[in-house]
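Notes follow the structure.
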Amino acid sequence: MSKINLSVNLCGIQLTNPTILASGILGTTKALLKRVAENGAGAVTIKSISVESREGHKNPTVITFEAGMLNAVGYSNPGVDAAAREFTNLQDVGVPVIASVIGTQKEDFVRVVDGLSAQRFSAIEIPLSCPHTPGFGLLAGQGTPQATFDITSAVRKVTKLPIFVKLSPNIPEICTIAKAAEDAGADAITAVNSMGPGMIINIESQKPILSFKAGGVTGDALRPIAVRCVYDLYKAIKIPIIGVGGISTGRHAIEMIMAGASAIGIGTGVYSRGIDVFRKVCEEISLWMQENGFDSIKSMVGAAHD
Amino acid sequence: MSKINLSVNLCGIQLTNPTILASGILGTTKALLKRVAENGAGAVTIKSISVESREGHKNPTVITFEAGMLNAVGYSNPGVDAAAREFTNLQDVGVPVIASVIGTQKEDFVRVVDGLSAQRFSAIEIPLSCPHTPGFGLLAGQGTPQATFDITSAVRKVTKLPIFVKLSPNIPEICTIAKAAEDAGADAITAVNSMGPGMIINIESQKPILSFKAGGVTGDALRPIAVRCVYDLYKAIKIPIIGVGGISTGRHAIEMIMAGASAIGIGTGVYSRGIDVFRKVCEEISLWMQENGFDSIKSMVGAAHD
Amino acid sequence: MIEQPMMAKICDIQEESPGVKTFFFKLNLNFEPGQFVMVWIPLLDEKPFTISYIQKDLVGISVLKRGVFTNAIHSKKIGDMLGIRGPYGRGFSLKPDSNSCVVGGGIGMASLATLVDRLNLVVDKRRGHVTVIQGARTAAEIIYQKRFRDMKLCTEDGTAGFRGTTVDLLKDLLKKQRFQKVYTCGPEKMLYKVVELCGEHGIECEVSLERYIKCGFGVCGQCDCSGQRVCIDGPIFNIQELSRMEDFGKITITKTGARVIH
Amino acid sequence: MIEQPMMAKICDIQEESPGVKTFFFKLNLNFEPGQFVMVWIPLLDEKPFTISYIQKDLVGISVLKRGVFTNAIHSKKIGDMLGIRGPYGRGFSLKPDSNSCVVGGGIGMASLATLVDRLNLVVDKRRGHVTVIQGARTAAEIIYQKRFRDMKLCTEDGTAGFRGTTVDLLKDLLKKQRFQKVYTCGPEKMLYKVVELCGEHGIECEVSLERYIKCGFGVCGQCDCSGQRVCIDGPIFNIQELSRMEDFGKITITKTGARVIH
Ligand SMILES: Cc1cc2nc3c(=O)[nH]c(=O)nc-3n(C[C@H](O)[C@H](O)[C@H](O)COP(=O)(O)OP(=O)(O)OC[C@H]3O[C@@H](n4cnc5c(N)ncnc54)[C@H](O)[C@@H]3O)c2cc1C
Ligand SMILES: Cc1cc2nc3c(=O)[nH]c(=O)nc-3n(C[C@H](O)[C@H](O)[C@H](O)COP(=O)(O)OP(=O)(O)OC[C@H]3O[C@@H](n4cnc5c(N)ncnc54)[C@H](O)[C@@H]3O)c2cc1C
Ligand SMILES: Cc1cc2nc3c(=O)[nH]c(=O)nc-3n(C[C@H](O)[C@H](O)[C@H](O)COP(=O)(O)O)c2cc1C
Ligand SMILES: Cc1cc2nc3c(=O)[nH]c(=O)nc-3n(C[C@H](O)[C@H](O)[C@H](O)COP(=O)(O)O)c2cc1C
Ligand code: FES
Ligand code: FES
């Protein structure tokens, strides 16, 4: 590996590199977070946690297609109390750990944040944008400017940690929603959650494959949409952006950073390139920066803007 | 080729098979329409026509990526008068020809429909859903239920031809908009137009590649989204649906039909499988129907619904 | 590869025991012993099963009737379709030049069946031998009765073969003979004891683990066992790997992600 | 393949005539004579150009200064970058065992340059010979002066070579010698006459057409010439194909899609 400095300061959190494990991928246990950290991630996000435990949708919950992945996991999680027990002594993980917090109403978000407050999370991410779980995200109307403002404000009151608000690529008014989050005190925007939902039908059985029928689209299919969202957001808001969607190579990461992302999330890339996708992406970023005369991630952020 | 009957009756238009050339692909001249018909299409759609001639966006206007295509052509077209001269004696084409009509306001749609009325078009398609042309489609607010109702009603008054209203996959309320079109007298819904817009940045030059920067995403990336739109629409409306988005194989076409489409459009597939994609798709549909005991397209429409 | 089920028609059904049926399909799967497939019943659910038979283009899964899903499979008839995706995971690594013992408990035997077939094919008769131990609660639960050359049985109630557990029987055998490798699948408590025993005797050992499987290809994190994804890093783990997996034999993770004692 | 420009650094610039410069890049392109690439200047535009030089890993494009875009290319310096995607289209099909004549008018010569190089390489000297005709308005516009073995010049004003058009010169040559094949590129009116002449003489002929190019890979329909897409079905068409293309020599289609007389 080259000596290029990939470090990033994200809302005061120091990351050795800009790659972050996206929520919902591998973030079920502390042991897996640690494994991802050992595979090069600059930070990791846990799978979203609600007040009560949830079984999620039945299988199939995750499938792939030519252009990416389709998932409707349905926010399975053991609930905040079990999560608080699972994610103790987070310093063992070796990199900053971001809590992902969900709820059907703003009080739930507050309760989960409270419940996790004794653990050493570095930030709170609130996804208001899941397209396939009744009661949550888009299906609960959390993707409006007003709801975003309300939920973010409520969380803001109960935590001093940086708050990342995670938005949907579906919503034409993504910038308005991001501004609502910014106004409510969010420290960063995570853009984007999975897109759609989409549906894949098995024609022999004449049935949608996912048990929930529809699910969020991620991976390559999502990348141009995510890049455009980040590009638009960079012009619209002042807080930093974590760019997520279809990143699996160093080039993809740099593209997202040039669109305006200060750090980048990786989900589906864990499938397409393996659990060491973080290390691979970092090596590819370094090499490219070296060949192209960049010496810091910061110097590339938003470079695609006039 | 097998003896399976692929014919479809779409709003009274008799098609020998369910594949339709989507608007904006190859539909610039009558000669190309004829060529596409010779390559197996059941019907063809012309490139969208406005009142005045338009140069469209500068190049690059169409590029591809791992999961599909990105385009911002910007509705280049020679205007209604030149189009009326180009598309004379349409019976020469050999299959039904669908006119695609655009405008910045409802009066424009009416003028274009009027201007083309002497030609033998089989239907009028009105795309209210382009995501990347200022003055038109989504960028002109045509993607609301009210605008859809108004424009469709206005066109309804001046033509007896079947009207197809083409919708965007971006809009969460696609069913509401489709119902507005249905209420206004539309005969079918074309679902969907390109998605996004998305953006692809060339990292060496640090610039978006498309001259318009953002453009609509089509091809594989769009397919699950398009299938889900069609699936939802099938439950919401009574008029037939033309399913478009990411179809390049017989399996894709059958998937879309089972989701609820009575016929299917092909655009990006012309790139991925060649201009004879129509013939290939028809052969693949036939073979599959034969192997799986289906004897008409109609018997498969909506089969994925409970 | 695209991770979507393909529908396969059941072309034969074989009853292995009152609770276990094998369903056969004509399918070309590039399957290694130890791997698994996801079996889909549209609109119902999708669950992991081993391929227990491979004969030319014919593959079979042996299913123990346990709950809603396996009951639904059992109600399928010849000509019905099931969705199959995979194979997934890392299979067994064979040690053909030596004596080995394959220890199966209950339906765990299904995961070992193609391994035994393969070992019998590749083991050099002059240098090695394959011993199979199958344990069950009672005689009626024994499967693959006539399938393998040297299969020793044990039942908890003594209705067939040795009375006692597979671990007891293995301990017994070890007094008389030496195995270079043990392969095992069954209830995790049993696996834990087999591993302990192999550790004491310095025998190589590979174990097939079970955890709740969702994606099957390493992204959802549901199948975690101490940082190892059972679906892709396993389901086969060797004794060295298991020694670093604290949860092995102790903790499993449910559908919700909660940790429960095994 | 992914249809996106790759940035390439200009490593050399060569002046071919007062209006034409060649820009060299280190690039590995799988380019066949007759094909073209799309050249991108970020935020400005993207236009089609032929590769006019291939030397190991060095490729060149020769650009005639005409309008906004070609002026912008001309203002580029060594070390600047241009985006390149392609190559696109169907190239010339070579007939190496016979006498051939390559007829270039104006910058059309650029599209023929690598063809002449290739022909000179593959033509069996005992069986065939390559004659090049380059036509220009005036001597100063002649390019590749010293590049080809047997190049005959003609100018409208007589300042270099034969006074008159390439068609006149070809007619003249045909009185003395026989060509089995003619390859040509230049203004469409000239191409039309060359094709006519070849038709009369029963000579095989391949023509490089120009139409407004947008996508370059056959989807936008902008480059139509009577149902043929110049970008992918062409830009090279033979005399039989051209005979079925009514627009050839008569009508072209502009950026908007309007038909205009050539
Ligand atoms: C790698 C692997 C290979 C397997 N191979 C076989 C086999 O060849 N034959 C066989 O009969 N069984 C096999 N199983 C177990 C089989 O998956 C369960 O018996 C089946 O899922 C039970 O479903 P049910 O609805 O009938 O019962 P339930 O009542 O839903 O569950 C009974 C038990 O089955 C297990 N289980 C349920 N769902 C899952 C799941 N998605 N993933 C993992 N375990 C689950 C749990 O331990 C649960 O307590 C295998 C399991 C794994 C992990
Ligand atoms: C297959 C092909 C190969 C070509 N190879 C060469 C070459 O090797 N060297 C060279 O100098 N020129 C070549 N050209 C022509 C070159 O593309 C034009 O000269 C250039 O686009 C002019 O752009 P401009 O902005 O400078 O001039 P403008 O003022 O914009 O245009 C001048 C003329 O160039 C043509 N033109 C403009 N844009 C395009 C376009 N997108 N596609 C096709 N034609 C266009 C039109 O005829 C126009 O009238 C080629 C054209 C084609 C179709
Ligand atoms: C299997 C799967 C599960 C996911 N679960 C969650 C989740 O629980 N919470 C959340 O905020 N996002 C979730 N996401 C969305 C991802 O965090 C990410 O935003 C999305 O996948 C886009 O990134 P990618 O293209 O790199 O995968 C999930 C995505 C996938 C594929
Ligand atoms: C290059 C290109 C140009 C297009 N132009 C138009 C257009 O003029 N009018 C229109 O209604 N749709 C236009 N579309 C959208 C297509 O008709 C179609 O809805 C979309 O491409 C999705 O189908 P596909 O995935 O098969 O390409 C265009 C698409 C492409 C790729
Ligand atoms: S089942 Fe999803 S990671 Fe193993
Ligand atoms: S330039 Fe688009 S089809 Fe030829």
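In what follows, every chain begins at residue 1, and chains take the letters A, B, ... in the order their sequences are listed.
In this structure, D/Q14 places its CD atom where more than 12 heavy-atom neighbours from other residues, nucleotides or ligands lie under 6.0 Å away. Around atom NZ of D/K21, more than 12 heavy atoms belonging to other residues, nucleotides or ligands sit under 6.0 Å away.
In this structure, the ring of B/Y271 has its center less than 6.0 angstrom from the ring center of D/F217.
For the pair D/K95 and D/E206, the salt-bridge criterion is not met [side-chain N within less than 4.0 Å of a carboxylate O]. A salt bridge does not link D/E46 with B/K58: none of the charged nitrogens is closer than 4.0 Å to a carboxylate oxygen. Between D/K47 and D/E210 there is no salt bridge, since no side-chain nitrogen of the basic residue lies less than 4.0 Å from a carboxylate oxygen of the acidic one.
Counting only N and O atoms by type, the side chains of D/T50 and D/S111 include a donor and acceptor under 3.5 Å apart.
Residue contact with chain D, scored on non-hydrogen atoms closer than 4.5 Å, involves the side chain of B/I200 exclusively. In this structure, the portion of D/D233 lying under 4.5 Å from any heavy atom of chain B is its side chain and not its backbone. Only the side chain of D/R85 has a heavy atom closer than 4.5 Å to any heavy atom of chain B. Contact of D/I213 with chain B is made through the backbone alone, with heavy-atom distances under 4.5 Å. Heavy-atom distances place both the backbone and the side chain of D/Q228 under 4.5 Å from chain B. Looking at B/S205, both its backbone and its side chain come within 4.5 Å of chain D, counting heavy atoms on both sides.
Tested against B/F278 for a side chain to side chain contact (heavy atoms under 4.5 Å, CB included), the candidates B/N17, B/V44, B/V270 yield a single pass: B/V270.
The structure places CG of B/L32 at 5.0 Å from OG1 of B/T28, a figure rounded to the nearest 0.5 Å. Taking NZ of D/K255 as the start and OG1 of B/T61 as the end, the distance is 10.0 Å to the nearest 0.5 Å. Atom CD1 in B/I275 sits 4.0 Å away from atom CZ in B/R35 (nearest 0.5 Å).
Considering only heavy-atom pairs separated by less than 4.5 Å from chain B, the leading option among D/R259, D/E246, D/M38, D/R229 is D/R229. When B/K213, B/E55, B/E204 are compared by the number of non-hydrogen pairs under 4.5 Å with chain D, B/E55 comes out ahead. Here B/P60 is the residue among B/G27, B/P60, B/P208 with the most heavy-atom pairs under 4.5 Å with chain D.
With contacts defined as side-chain heavy-atom distances shorter than 4.5 Å, the pair D/V260/D/I251 does not qualify. Counting heavy atoms from C-beta outward, B/I225 and B/P169 have side chains that approach closer than 4.5 Å. Within the 4.5 Å cutoff, no side-chain heavy atoms of B/I264 are placed close to those of B/V244.
Side-chain N or O atoms of B/D276 include none that pairs as donor or acceptor with a backbone N or O of B/R279 at under 3.5 Å. Without hydrogens or angle criteria, B/T64 side chain to D/E3 main chain gives a donor-acceptor distance under 3.5 Å.
Listed by sequence position, the residues of residues 109-121 of chain B in contact with chain D number zero, using a 4.5 angstrom heavy-atom cutoff. For a heavy-atom cut-off of 4.5 Å, chain D lies close to B/E66, B/M69, B/V73, B/S76, B/N77, B/P78, B/E86 in residues 66-93 of chain B. Taking 4.5 Å as the heavy-atom cut-off, none of the residues of residues 96-104 of chain B approach chain D.
Taking D/Y212 as the reference, nothing meets the side-chain hydrogen bond (donor to acceptor under 3.5 Å, both in side chains) condition, with sequence neighbours excluded.
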